[in-house]
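Below: the structure, in structure tokens.
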Amino acid sequence: MTDSAKPTLLVVDGHSLAYRAFYALPVDNFSTKDGQHTNGIYGFLAMLINLIKAEKPTHIAVAFDTSRQSFRTRVYPEYKVNRSETPSEFKGQIPILQDCLAAMSIQVLQKEDIEADDILATLATQGAEAGFDVLVCSGDRDTIQLVNDDVTLLYPNVQGVSQLKRYDRQAVIDRYGVPPEQYPEIAALVGETSDNLPGVPKVGEKTAVKWLTQFGSLDALLEGADKITGVVGGNLREHLDDVRRNRALNRLLRDVELPLSVDDLEVRPMDAQAVRDIFARLEFKTLIPRVAELAGIEQQMAAVTSAAAVPMPAPVEPSAADLRAWLEGADAEVGVTVVVEGGLPQRIGFSTTFPMPSPSAAGTSSGDSGRVGPAAAEASWTPEIADALADWLASDAPKVFADAKPQVKALRRAGLRLGGLAFDVIVAGWLLRPSFPDKTLAHLVDRYLDEKLPEADPTQLVPETEGATPGQLSWFTLRVAEEVRGELPPSVATVLTDIELPTLLALADMELAGVAVSHDTLAAFSGELGARADALAQAAYAAIGREVNLGSPKQLQEVLFDDLQLPKTRKTKTGYSTDAAVLADLQETNPHPFLDLLLQHREATKLRQIIESLDSAIGGDKAIGADGRIHTTYVQTGSQTGRLSSTDPNLQNIPIRSEESGRIRSAFVVGEGYETLLTADYSQIEMRIMAHLSEDPGLIEAFNSGEDLHRFVGARVFGVDPQDVTPAMRTKVKAMSYGLVYGLSAFGLSKQLRIEQSEAKQLMMEYFARFGSVRDYLRSSVEQARIDGYTETIFGRRRPFPDLASPNRVLRENAERAALNAPIQGSAADIMKIALFHIHDDFAASGLSSRVLLQIHDELVIEIAPGEWDAAEQIVHARMGDAAALSVPLDVQIGRGGDWHSAGH
DNA sequence: AAGAAGACGTA
DNA sequence: CGTACGTCTTCTTG
């Protein structure tokens with residue numbers, strides 16, 4: 001083991017070890033569900049974790065090659081040329097591995113023109129000089145030359161990377177018969193086939209060692225080459241230049257200029273959240289606890305040296321009057337944090353770039369400009385404080401939040417309105433990274449400030465560490481905001497200010513309002529469905545002569561494929577699918593009463609389950625108390641395209657398609673004190689956006705003609721008059737049109753329409769022959785995304801697509817389809833958001849009590865107060881219709897009824 | 001107790 | 001081999 005008194009430096013050749021892992025581990029077992037290969041990453045990290053645990057290095061670095069090219073290939077162009085092409089499945093893993101290492105706070109080093117081993121050599125040399133025990137971990141034999149009394153080599157066995165052999169000075173002598181510094185001389189004589197460096201023919205390790213012991217050194221040997229007799233002697237004399245070249249090429253550089261010194265490689269605490277996130281994404285379940293254990297070790301080691309971040313201000317707690325006076329005097333943005341408990345404000349904190357007045361000595365030295373860096377103040381929520389702050393909170397004075405919505409809601413419940421919402425760091429962070437959002441202020445502090453937000457340990461009854469106070473949270477919020485703002489491209493900043501923040505305020509009111517749902521309606525239906533499900537289950541058992549759990553795909557597979565001997569269906573990860581599409585197919589080819597009963601049972605239990613969860617959500621929001629309404633939560637940062645998502649419960653997936661789903665929707669009713677429900681939805685908004693973006697004359701005409709879209713398109717595609725478009729033709733072009741938006745293939749289309757692939761192909765051909773600009777647009781938009789690295793909506797919302805450049809085909813093609821869809825789905829989301837907050841704001845400005853309750857992507861559900869129908873309907877129609885100026889009109893359908901079902905259409 | 005997998009609801 | 005979501009149940013794992 002290493003000498004515990006000395007610090008230990010571990011330097012690793014990332015490329016060579018990951019490459020060995022790549023070949024050692026079966027790729028099939030190491031791929032994520034979206035197709036990313038991870039075997040090299042996994043093998044490397046598993047090895048590294050074991051290594052860190054065993055050796056407890058105090059300093060770590062991992063070096064990578066930048067490419068095949070290096071100064072060696074310039075000197076000797078044949079160097080490594082016979083190496084086979086690096087498999088693309090491996091190449092793609094290196095950047096991800098580097099991301100993992102970054103999350104683990106391990107330094108990654110690479111340098112143009114230099115090989116990883118040269119970096120190892122340089123670090124090993126510097127480390128040894130600085131008094132470190134150095135561990136070099138590499139799969140390249142050339143690194144044997146680095147071994148000495150301070151430097152030990154860890155070399156992987158043939159098997160892969162699970163076993164590392166330890167070479168200290170003595171081990172090298174035992175194995176090769178020469179001291180480490182002389183090993184390259186052996187290698188020069190023998191040659192290295194894998195590097196395309198031929199040596200002396202007929203000379204292997206044995207002969208080389210014999211000669212070197214005899215002559216003492218390679219130079220002496222080359223000088224005295226004449227003295228060697230026999231064929232090998234002749235060979236040596238003929239290949240003197242090869243040997244010299246080999247020796248020159250296998251000498252590792254020990255003086256590479258690096259951006260970091262050995263001291264900078266000190267082990268630092270990991271970014272626990274980033275590690276969890278990236279490992280989860282790579283589906284490394286078992287590695288997470290292993291890394292966590294490691295993090296514990298690192299934490300202890302790093303605790304001593306961890307540098308203090310920018311010191312937090314000690315928030316003052318001024319009187320209500322002082323606080324108000326100061327806030328009203330502030331001429332810069334103010335960070336605001338409302339601590340919410342049970343839906344109500346508990347404490348409130350502020351921070352600014354101005355010093356807070358000290359209650360005793362207001363106006364003490366504050367520097368020449370008065371700006372002395374952010375300072376903080378806070379107060380507990382009392383009626384006096386609420387009174388004192390109400391005007392300022394409602395004013396236009398700019399305020400910066402981290403996740404404003406719950407705080408806005410709490411203020412609303414306390415009777416206060418919020419104005420001047422200038423920035424939300426969570427929402428802004430999501431706009432920048434919709435695929436990998438930082439969900440909390442702590443994440444953002446970590447990413448943008450590289451500091452830790454102090455958090456009370458929730459596992460401890462009496463926490464040892466204090467969490468940040470609201471004033472300090474505001475201070476962090478303000479600092480993060482400055483960084484995030486610096487990263488926001490102007491168009492994205494506009495999306496934040498002009499779309500997201502107004503939407504946020506509207507959503508807060510929608511969540512507070514909730515939607516009235518009739519428990520009695522739900523309960524009656526639930527009972528009915530329960531009885532039906534039981535009967536269906538009994539019948540199903542009878543059909544197969546035994547009882548199984550119909551909710552268990554595993555047991556169903558036994559019944560279908562073992563007992564009933566039905567043909568195997570689509571494969572899943574763990575067996576064969578039993579989903580509805582598959583069961584319907586089976587019913588056609590191998591009819592069996594069990595199949596139909598099972599499908600019906602599924603439908604009944606699914607409906608009942610939805611009803612039950614809705615029922616238990618009625619008045620479920622404890623903060624409000626049972627009010628007979630359901631209060632969903634809209635997750636504004638919940639999608640990658642710009643859409644909202646809805647949780648607890650999800651009100652964006654209430655059934656509508658099936659026969660009986662109307663009975664669920666009819667339980668969503670107009671609330672007390674209101675007159676009726678209004679539903680408003682955009683018809684074919686995505687196709688309209690497609691028409692606008694592609695500028696396809698045919699599609700634009702379709703929307704301007706007033707003709708039914710699919711009838712119009714069908715007439716063009718099939719070359720008939722609109723009135724002669726049959727239902728079958730209409731179905732086909734409808735599927736085609738909708739499929740376009742998702743990047744549908746001929747294969748997918750044929751499957752959906754249950755037609756031959758050739759017919760599907762023909763259909764697509766005909767379609768594009770008539771609507772060619774659509775195809776051109778779709779192609780060019782993906783191409784543009786490949787160039788830019790992101791897509792953009794009509795309003796400038798961006799979504800990055802790094803995988804468009806991936807060498808992994810599955811990954812790349814998935815990204816292409818998503819990139820195709822993102823501007824269309826995203827623009828639709830933008831338009832709906834704009835319409836939503838305009839309607840919300842107009843209602844308020846017009847003094848209406850009618851209110852928006854729900855948003856279901858292209859539909860709004862609005863509760864109309866008595867006597868307000870006409871005014872409200874007019875606002876809704878106008879605001880949805882003019883939310884965007886497209887080259888085709890935005891068609892809005894409006895319905896009216898006492899419940900959601902009858903208001904729909 | 002927590003997470004994965006399969007299934008299925010919506011736009 | 002069609003995009004974007006959330007939630008339920010069962011089953012596995014710790």
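In this text, all values refer to a predicted model and were calculated from it rather than measured experimentally. By convention in this document, chain letters (A, B, ...) are assigned in the order of the sequence lines, proteins followed by strands, and residues within each chain are numbered from 1.
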Distance criterion of 3.5 Å, no angle test: do you see the side chain of N650(A) paired donor-to-acceptor with the base of dG6(C)?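 No pair found.
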Look at the side chain of R643(A) against the base of dA11(B) and say whether a donor-acceptor pair falls under 3.5 Å; ignore hydrogens and angles.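 Looking at the base of dA11(B), it does pair with a donor or acceptor on the side chain of R643(A) (distance under 3.5 Å).
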Just how far, in rounded Å, is [atom2] of [N] from [atom1] of [X]?
X       : N       : atom1 : atom2 : value
Q557(A) : dC11(C) : CD    : P     : 11 Å
W900(A) : dT10(B) : CH2   : P     : 10 Å
F279(A) : dA2(B)  : CZ    : P     : 22 Å
I689(A) : dT3(C)  : CD1   : C1'   : 14 Å
N549(A) : dT9(C)  : CG    : C1'   : 8 Å
Y576(A) : dA5(B)  : OH    : C1'   : 17 Å
L598(A) : dT9(C)  : CG    : P     : 17 Å
Q752(A) : dC1(C)  : CD    : C1'   : 13 Å

Is there a donor in the side chain of [X] and an acceptor in the side chain of [Y], or the other way round, less than 3.5 Å apart?
X       : Y       : value
Q652(A) : Q855(A) : yes
S526(A) : E612(A) : yes
Q538(A) : D534(A) : no
E816(A) : N814(A) : no
W430(A) : Q640(A) : no
Y634(A) : T647(A) : no

Between [X] and [N], is there a side-chain N or O to OP1/OP2 distance below 4.0 Å?
X       : N       : result
T572(A) : dA5(B)  : no
S645(A) : dG6(C)  : yes
Q555(A) : dC11(C) : yes
R657(A) : dA11(B) : yes
K606(A) : dC8(B)  : no

Between [options], spot the one nearest the side chain of [X], thanks.
X       : options                 : value
K573(A) : dC8(B), dG6(B), dG2(C)  : dG6(B)
Q609(A) : dA5(B), dA11(B), dC8(C) : dC8(C)
S745(A) : dA7(B), dG2(C), dA11(B) : dG2(C)
Q640(A) : dG6(B), dC1(C), dC5(C)  : dC5(C)
R665(A) : dA4(C), dT10(B), dT3(C) : dT10(B)
T574(A) : dA5(B), dA4(C), dA11(B) : dA5(B)

Hey, does [X] reach any base, or is it just sugar-phosphate, or nothing, if we go heavy atoms under 4.0 Å?
X       : value
T605(A) : nothing
Q825(A) : base
E686(A) : nothing
S661(A) : nothing
R799(A) : sugar-phosphate
L651(A) : nothing

Give the ring-plane orientation class for F594(A) versus H592(A), where under 30° counts as parallel, over 60° as perpendicular and anything between as tilted.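 Perpendicular: the ring planes of F594(A) and H592(A) meet at over 60°.
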Is there a donor-acceptor pair closer than 3.5 Å between any side-chain N or O of N821(A) and the backbone N or O of V741(A)?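 Between the backbone of V741(A) and the side chain of N821(A) there is a qualifying donor-acceptor contact (under 3.5 Å).
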Which residue, G748(A) or P434(A), contacts DNA chain C at a nucleotide closer to its 5' end, judged by nearest heavy atom?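 The 5'-side residue here is G748(A).
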Check whether F525(A) forms a cation-pi arrangement with R663(A) (NZ or CZ under 6.0 Å from the six-membered ring centre, at most 45° off the ring normal).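 Yes, R663(A) sits over the ring of F525(A).
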For DNA chain C, the residues among residues 810-822 of chain A that have a non-hydrogen atom under 4.0 Å from it: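 DNA chain C contact set from residues 810-822 of chain A: R817(A), A818(A), N821(A).
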